[in-house]
There are 2 protein chains.
Amino acid sequence: MSKEVLGGEELSRRKKQILRSVIEAHIMLGEPVGSKYLTTNADIPFSSATIRNEMAELEAMGYLEQPHTSSGRIPTKAGYRFYVDSLMDSYKLTASEIVTLNNMLRSKIGELDSILQSASKLVAALTNYPTVAVKTTSSENVVEQFSYMLMGDNDFLLVMRLSDGTVKSKHIKTDFSLDKNILDTLTDQLNTYVANVSPETITLPLMMQLEKSLGDAGKLVDLSIKAVYENTVSSDDSSVSFEGVGKLLEYPEFASVDQMKSVLNMIEDKDGIINIMKEGDADKVNVVIGEDDEKLAEHSAFIFRKLVVDGKVVGAIGVFGPSRMDYSKVVSTVEYLSDQISKTLGTALPEKKDDDGADTKT
Amino acid sequence: MSKEVLGGEELSRRKKQILRSVIEAHIMLGEPVGSKYLTTNADIPFSSATIRNEMAELEAMGYLEQPHTSSGRIPTKAGYRFYVDSLMDSYKLTASEIVTLNNMLRSKIGELDSILQSASKLVAALTNYPTVAVKTTSSENVVEQFSYMLMGDNDFLLVMRLSDGTVKSKHIKTDFSLDKNILDTLTDQLNTYVANVSPETITLPLMMQLEKSLGDAGKLVDLSIKAVYENTVSSDDSSVSFEGVGKLLEYPEFASVDQMKSVLNMIEDKDGIINIMKEGDADKVNVVIGEDDEKLAEHSAFIFRKLVVDGKVVGAIGVFGPSRMDYSKVVSTVEYLSDQISKTLGTALPEKKDDDGADTKT
DNA sequence: ATTAGCACTTTGAACACAAGAGTGCTAAAA
DNA sequence: TTTTAGCACTCTTGTGTTCAAAGTGCTAAT
């Protein structure tokens, strides 16, 4: 007769079985599930009355709830949580799903942006839930290497390779004549004194010293440092993009104007998404289940995983859906795909040379 | 008793007045407007009966329609069209609106991406309709200049400046040792033979000749040309982004699940948007009003203008809303803003040098 | 410990009904 | 000839009622 509320106490084997059946049935049907349904459709060798008793207890423990006095039970947030953490089988991706995923990766080799885009399209198609792709800009970005392209007599392009692998450039116009020598000197000095240094530590004395030592090119130091700042410190390049939001409308819990409203708000509130994702662990698939007090809207859940490349978090990929979503399939898909992406983008040199070593383009 | 259907025939002064009043009232209220409403709220010096007669004729002519036998009239697509083309006053932007717009432009000088983004946010806020920002990639993009950055002993970054001003790069790994000489030779040759050439005209013989003449660097020709292709021909960089879609829910005609569905579909169908925009004139604000047969969903309208910089269409900015949207205000806002953006982005060199010649970053 | 049975609650669909809004038309007034 | 008052008619919308279905909790029997 355990009646504790969420006491962390063990559930009997039978309770687990019933909880699990309720949740899986509810994931399938989207409707409250009653005792009778379970007796006929799940293989539980007890009568509806027994199940009713057990469900009443599961409700008291906080795993189930009733929308109103007389309808079946639906899982609470705690119920889903328990399911995800302890009850759920992990879904096996089918061979054809794996093939699809791998094809995508192979064809779009190299580019974070385009990988993210096709990955999220693909996951949306595979899971039938909308996906979110996030590209983060690490705040500790520094310029690792400078270079230039001479354009005319009076302008050139300062090219910077950042530590996250992207390449930025800045078009600089001058009021004096440029030549190869001037720019060689400039980039040499920049590579020596400014590369690999956090922009905050670039001091005025350093800059003045650089300017002096550079002669003609000195006039360009100021502009160059500005360019560095623009592309590291103040660059707000992180992007959040959605794919397949329309799919939500197929799920009755979102097919109301109010629900739609909150979803649209969420979509437009990129910071909200980023914040949720920030709090996740970097080395596993995170499952956030929404409820009243949370950042996430009620009846919705968010499954995501950060993308780690060479030890750095470069983005994340996630799936948004109703709280009754197909956790096991989504978790497996996200897990597999993000692992592969991380590997693909890693610096590991190609083992064999039949594959060209293409990589990181901006 | 003219009873032609849309005969292109002149409407009497009184009919115009009534049509206009109906449309403006409907834009305000969002509901069918009846004869009685007009007698009391618009200053039409006739009785409701007279207005009823006129409205019946306007309906026969195709400018108005009744949702059902006994409710007021609402404008048809033809009605809106006539209103936009002939009846509408142009809205005067208020001083504060102009100030807001100009501030935005000043602060974000230089960068198409970020200008588009803030512009669309601003227009969404100002008009209370969602906005669309489109960036197009001109298909005649060619690489104008090649350069490189040596990274390790076995990899380097091929840097390309494209004719649209953007800079792209590709990370290339090799299975032999690199040095400055090899890469200098490579980029020299690329600049001589491949720069400013449409990628379609790069033939195999040319490539083979290049490979031969380059010695060690020859092995890199193939990869380099591949990089050129990736970034010009097959680069699908045009982007469509929405801002403020949630606002639509405030308008009752969109506050239904079905309507939402079609809107979400539209948002996800970037090509659809691009196609609609393609057909617009480049030198004016275009107003597309949706109806059954059109590309655009019923009850919605789309107002947009292309952004022309130095004679090239680089993008577009548009406003999406219900067909009863506030045309005059939206048209004015879009017009003003897109004019200013086009000017701001034009090549005019900075007059004074107190402003650094910042430009085009990737 | 389990189950059959029953009374009870809630939902949701179907239906009827009244009120309100707006029309078209006719006949009178300007 | 043009305008308007008046009236019958239509359609929508909201409300109240009824009724069946689903599912529960509890008691008593197995």
Without decimals, in angstroms, what is the distance between [X] [atom1] and [N] [atom2]?
X	N	atom1	atom2	answer
Q66(B)	dA21(C)	CD	P	17 Å
I51(A)	dC26(D)	CD1	C1'	17 Å
R52(A)	dT27(D)	CZ	P	14 Å
I18(B)	dT23(C)	CD1	P	12 Å
E59(B)	dG24(C)	CD	P	7 Å
L38(A)	dT3(C)	CG	P	14 Å
I44(B)	dT4(D)	CD1	C1'	16 Å

Of the candidate nucleotides [options], which contains the atom at the shortest distance from the side chain of [X]?
X	options	value
M55(B)	dT23(C), dC11(D), dT4(D)	dT23(C)
F46(B)	dG5(C), dG6(D), dT4(D)	dT4(D)
R14(A)	dT2(C), dG25(D), dT23(C)	dT2(C)
A49(B)	dA5(D), dG22(C), dT23(C)	dA5(D)
T50(B)	dA21(C), dT3(D), dC25(C)	dT3(D)
S47(A)	dT3(C), dG23(D), dT10(C)	dT3(C)

Practice task
Give a yes/no on whether any side-chain N or O of T69(B) is located under 4.0 angstrom from OP1 or OP2 of dT23(C).
Solution key: no
Practice task
Look at S48(B) and dA5(D) and indicate whether a side-chain polar atom (N or O) is within less than 4.0 Å of OP1 or OP2.
Solution key: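 So the side-chain polar atoms of S48(B) never come under 4.0 Å of the phosphate oxygens OP1 or OP2 of dA5(D).
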Do [X] and [Y] have side chains that get closer than 4.5 Å, going by heavy atoms?
X	Y	answer
V330(B)	M325(B)	yes
K77(A)	S323(A)	no
V331(B)	S90(B)	no

Exercise for the section: Map N53(B) and S70(B) onto DNA chain C by nearest heavy atom, then report which one ends up closer to the 5' terminus. Expected result: S70(B)
Completion exercise
The single option from L87(A), I23(A), D85(A) that satisfies side chain to side chain contact (heavy atoms under 4.5 Å, CB included) with Y80(A) is I23(A)
Problem - Donor-acceptor pair under 3.5 Å, R73(A) side chain vs dG25(D) base - result: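 Check fails, no donor-acceptor contact within cut-off.
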Exercise for the section: Classify the angle between the aromatic ring planes of F82(B) and Y63(B) as parallel (below 30°), tilted (30 to 60°) or perpendicular (above 60°). Expected result: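 If you compare the ring of F82(B) with that of Y63(B), the planes turn out tilted.
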